[in-house]
Structure formats: structure tokens, C-alpha cells
There are 2 protein chains.
Amino acid sequence: MPYGDAMATRTRSEERRAEIVRAALEVIAERGYRGASLAAVAERVGLTQQGLLHHFPTKEALLVAVLRERDQWDALPGAGWRADLLVSLVEYNAMRPGIIQTFSALLGESVTEGHPAREFFTRRYTTVRADMAAALRAEYGERLPSGLTPERAAPLLVAVMDGLQYQWLLDPESVDMAAAFRDFLTLLGED
Amino acid sequence: MPYGDAMATRTRSEERRAEIVRAALEVIAERGYRGASLAAVAERVGLTQQGLLHHFPTKEALLVAVLRERDQWDALPGAGWRADLLVSLVEYNAMRPGIIQTFSALLGESVTEGHPAREFFTRRYTTVRADMAAALRAEYGERLPSGLTPERAAPLLVAVMDGLQYQWLLDPESVDMAAAFRDFLTLLGED
């Protein structure tokens with residue numbers, strides 16, 4: 001195959017993958033984690049299930065692609081964070097239970113032996129902790145008002161976000177995720 | 001069946017269930033969440049898989065029974081907590097990855113639609129948050145040193161414990177769960 005054709009093929013394949021990921025996100029938003037079957041996603045993009053498997057060999061691979069895409073839209077992990085922007089992110093998350101449920105369910109599965117999403121989450125947390133620490137350092141320097149270093153505050157910030165999501169998903173009437181997260185930022189020393 | 005015989009039958013059945021739960025905990029400790037199949041647990045207690053299903057109709061039902069039993073041993077949720085005892089609990093948890101992995105994986109699954117463990121976790125969090133708030137009130141009164149009320153600090157305390165477990169399970173070399181939890185208690189105002 002001439003070089004140009006190979007490029008065109010790759011691009012078409014990438015476009016197709018992106019289309020599948022968007023369709024999966026829609027199906028997740030509508031039907032939740034369990035409803036987002038490969039069959040439902042294939043139908044949405046007009047592929048057979050076999051055709052879909054050509055692009056994503058397993059449901060887990062597709063879900064990881066969805067979570068990667070979400071991280072890109074949220075610019076997370078990324079530079080230029082500020083703690084107050086994280087509050088907006090948590091408020092935004094409270095309006096999209098489907099993707100938060102998918103994240104939380106897949107994170108839960110990923111801690112089991114040999115799970116295909118384990119590497120994604122392990123790397124993601126390494127990066128997110130480092131980016132959070134860098135953002136906190138840019139805002140506060142070597143010590144937060146609470147006395148913690150950015151490196152010691154970062155895993156707590158991530159843990160609170162994740163942990164509150166489980167409590168909120170199980171009982172949205174009782175748990176105000178954004179208010180609780182603001183309380184945590186107050187503890188860290190945010191005004 | 002005379003009353004006494006019915007009682008004896010119930011007691012034997014309860015003893016059998018307790019034996020199965022202990023066996024499941026052993027299998028979890030040795031082989032982790034995925035390795036803890038009903039077949040493996042049945043073999044350990046000398047039952048057929050069919051015999052085991054008589055006591056626990058699904059793997060989820062058995063795992064919920066294991067987590068309930070663990071909560072009883074940990075006296076969690078329960079009265080008489082103190083924040084410093086929670087540090088000991090987190091240190092202890094860092095020595096038993098099997099049960100923490102089981103808790104975290106099942107919690108992740110439980111947020112999906114119609115999951116059999118959903119009610120267990122929803123109730124557990126309601127109780128744990130209330131008990132944590134009561135313990136914080138007994139220690140600090142209506143305001144913690146950080147200014148938060150016990151009711152607003154409790155969900156954060158729970159979220160940090162759960163969230164740190166995921167980070168630790170994925171990357172035990174990088175995440176010191178007990179040290180991070182102590183940092184959080186410092187934020188709350190614990191000496």
C-alpha cells in the first residue's frame with residue numbers, strides 16, 4: 001500500500017474509533033454502566049458487534065478509551081489547574097452520573113488481579129497526583145496554609161474526590177458531593 | 001418438626017454459614033477477589049458447589065456476608081470510636097490487601113444498576129457517616145478545630161479512607177495509606 005493510502009487508512013480508522021467512543025459515551029449517559037453493552041454501542045454506530053470488536057477487542061478496552069477521552073475534555077490530568085476549578089469539576093460531575101458511575105465501577109474492577117484497566121488507572125493516578133502537586137505548589141509554594149507539602153496534599157485531594165463519588169452514587173439525596181469537596185478545600189487552607 | 005428440633009436446625013445452619021464465611025475470608029486472603037470463586041470456597045468447607053448455593057445463592061451474597069463479618073470484628077460501624085483508633089485501622093488494613101481489595105471491588109460494582117450489594121453499601125455508608133459524626137462530636141463537640149461540624153467532617157473522613165484504598169491497591173509502593181490518613185486527621189485538627 002502506498003504511504004498516502006496507509007495514512008488515509010489510519011486516519012479513517014482513528015475517526016471510526018473516535019466515533020465509537022462518542023457513541024459509547026452517549027449510551028453510558030442514557031443507560032449507565034451495565035446498559036452500555038458492546039451490542040448497544042455497535043448498533044448506535046451502525047456496526048456489527050464483530051465490526052466493533054475490530055476497533056475495541058473488549059468492553060473494558062472501549063471503556064478505558066471513553067475515560068481517556070473524558071480526561072482530555074476535562075484537561076485532567078493537566079497543567080494550569082487551580083483548586084477552585086476543581087470545585088467546578090466536581091459540580092459538573094454531579095450532573096453526569098453515567099460517566100462517573102462508569103469511572104467508579106471500572107476503578108473498582110481494576111484493583112482485581114490481571115484486570116485490563118489496571119495499568120490505565122495506575123498510570124492515571126501517578127500522573128494526577130503529580131499534576132495536583134504541581135498545581136498546589138504553583139498556588140501555595142512549598143507549604144499549604146494547613147502545613148502540608150503539595151506532595152502530601154495531592155493524594156488526599158484525589159482520594160476525597162473519588163471517595164465522595166461512591167457515597168454520592170449510592171445515595172445522591174444524602175450526599176452533596178460539591179459541598180463536601182468545598183469543605184475539604186477549606187481544610188487544605190483554600191479561602 | 002418439634003420446636004427444639006427447628007431451633008437446632010437453625011443453629012446448625014447458622015454455624016454452617018459462619019464456617020463458610022470464615023472459609024471465604026481465608027480464600028480471599030490467599031487468592032484475592034477473583035480467585036475467591038464459589039467452587040474454591042465450597043472445596044475448602046467440604047461442600048459441593050450446589051451445597052454452598054443452598055447457603056449463599058450468589059458470590060455477591062457470600063462476599064457481602066464476609067464484609068458484614070469484617071465490620072463486626074472491626075467494630076465498624078460502631079460506638080466508641082476515636083480518630084486515633086482509625087489510624088490503627090488503616091494501618092491494619094494495609095496488612096490485609098485481600099479483604100480491602102474485595103471491599104473496593106464490590107463497592108465499585110455496587111454503584112451499577114440493580115447490583116445485589118448496592119443496598120448493603122448504601123445502608124453501611126448511612127450508618128458509618130452517622131457513627132463517625134457521633135464519634136467526632138464526642139471528641140470535639142459541635143465544631144472540630146478546623147471549624148467543620150461533625151456531620152460535615154464525617155463524609156470526608158469516609159471518602160479519604162476509601163479513596164486512599166484504591167490508590168494503594170493500584171500502587172502500594174507509591175502510596176503510604178496510613179501516613180496519608182494521618183495527614184488528613186491533622187487537617188481535621190487532630191493532634
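Just so it is clear: chains get the letters A, B, ... in the order the sequence lines come, proteins before strands, and each one is counted from 1.
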Contact class of [X] relative to chain B, heavy atoms under 4.5 angstrom:
| X | result |
| --- | --- |
| Y125(A) | side chain |
| T102(A) | neither |
| L148(A) | side chain |
| V175(A) | side chain |

If you count heavy-atom pairs under 4.5 Å between each of L157(B), V158(B), L107(B) and chain A, which one has the most?
L107(B)

Winner by heavy-atom pair count (cut-off under 4.5 Å) against chain A, out of L164(B), L106(B), V111(B):
V111(B)

Between [X] and [Y], is any pair of side-chain heavy atoms under 4.5 Å apart?
| X | Y | result |
| --- | --- | --- |
| R182(A) | E91(A) | yes |
| F184(A) | L86(A) | no |
| R16(B) | H54(B) | no |

Look at [options] and state which one has the largest set of heavy-atom pairs under 4.5 Å with chain B.
| options | value |
| --- | --- |
| P155(A), S146(A), G32(A), A180(A) | P155(A) |
| Q167(A), R118(A), R31(A), E119(A) | Q167(A) |
| I100(A), V160(A), T122(A) | T122(A) |
| Q165(A), E109(A), E113(A), Q101(A) | E113(A) |
| D171(A), D176(A), D162(A), L144(A) | D171(A) |

With sequence neighbours excluded, residues passing salt bridge (Lys or Arg N to Asp or Glu O under 4.0 Å) with E15(A)
none

Ignoring hydrogens and geometry, is there a side-chain-to-backbone donor-acceptor pair from Y166(A) to S104(A) under 3.5 Å?
yes

Please confirm whether the backbone N or O of H115(A) pairs with a side-chain atom of T112(A), one donor and one acceptor, at under 3.5 Å?
no

Salt-bridge test for E69(A) and R17(A): reply yes if a basic N is under 4.0 Å from a carboxylate O, no otherwise.
no

What's the spacing between R44(A) CZ and I20(A) CD1 if we round to 0.5 Å?
13.5 Å

